[in-house]
Amino acid sequence: MTIIWSAPRPGQDARRDREQMVPALLRERETYVIQGKTDRVRQVDEQLDVYGYDPEVGFAPAAPPTAADEERERLEQDAERQRQGKVRALLEEREQLLARQERAAREPRDRVALVDEQLAHYRHDGGAET
């Protein structure tokens, strides 16, 4: 069992990352200990250290979020909501364009089919008049 892990990236909520990653890393570490893969155990321990985990204590105490941290989180959430809104609008526009394109492509064929029906009504074979 291999779990892909990485250090926290700038701009992400490090506390949330830590809450998700540390338990996963601990499970991964336990697997490597059982398998005797000491190199992998050491690598996982390094990542646990990046997340502030101390095997003796658990998590290192996290500093409470500052006003700047909260403002940055709010701005990131606002930016993500705006991005999602733009994506929804673009997807809707794309669907409308495709539907319009499909109708336009079908329209001449519909007209040809109507003319063919009228020609058949007059018992014409569909070829050009000579």
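Between atom CD of residue Glu73 and atom CD of residue Gln77 there is a gap of 4.5 Å, rounded to the nearest 0.5 Å. Taken from CD in Gln35 to CD in Glu30, the straight-line distance is 11.0 Å, to the nearest 0.5 Å. Here CD of Glu102 is found 13.0 Å from CG of Leu97. Values are rounded to the nearest 0.5 Å. Atom-to-atom distance recorded for Arg29:CZ and Asp45:CG is 4.0 Å, nearest 0.5 angstrom. We find the CZ-CG distance between Arg103 and Leu98 to be 11.0 Å, quoted to the nearest 0.5 Å. With rounding to the nearest 0.5 Å, the separation of CD in Glu46 from OH in Tyr51 is 13.5 Å.
Inter-residue side-chain proximity for Glu76 and Glu80 is flagged as unmet; no heavy-atom pair is nearer than 4.5 Å. Two residues are said to be in side-chain contact when any heavy atoms from C-beta on lie closer than 4.5 Å; Leu26 and Tyr53 meet this criterion. Looking at heavy atoms from C-beta onward, Arg40 lies in side-chain contact with Glu28 at the 4.5 angstrom threshold.
Looking at Arg81 and Asp78, a side-chain N of the basic residue comes within less than 4.0 Å of a carboxylate O on the acidic one, giving a salt bridge.
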_Criterion salt bridge (Lys or Arg N to Asp or Glu O under 4.0 Å) on Arg74 and Glu71, from CA distance to verdict_ = CA-CA 5 Å; Arg74 186 187 66 75; Glu71 179 66 10; 2.6 Å; yes
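More than 12 heavy-atom neighbours from other residues, nucleotides or ligands sit within 6.0 angstrom of CD on Gln84. Around atom CD of Gln101, no more than 12 heavy atoms belonging to other residues, nucleotides or ligands sit under 6.0 Å away.
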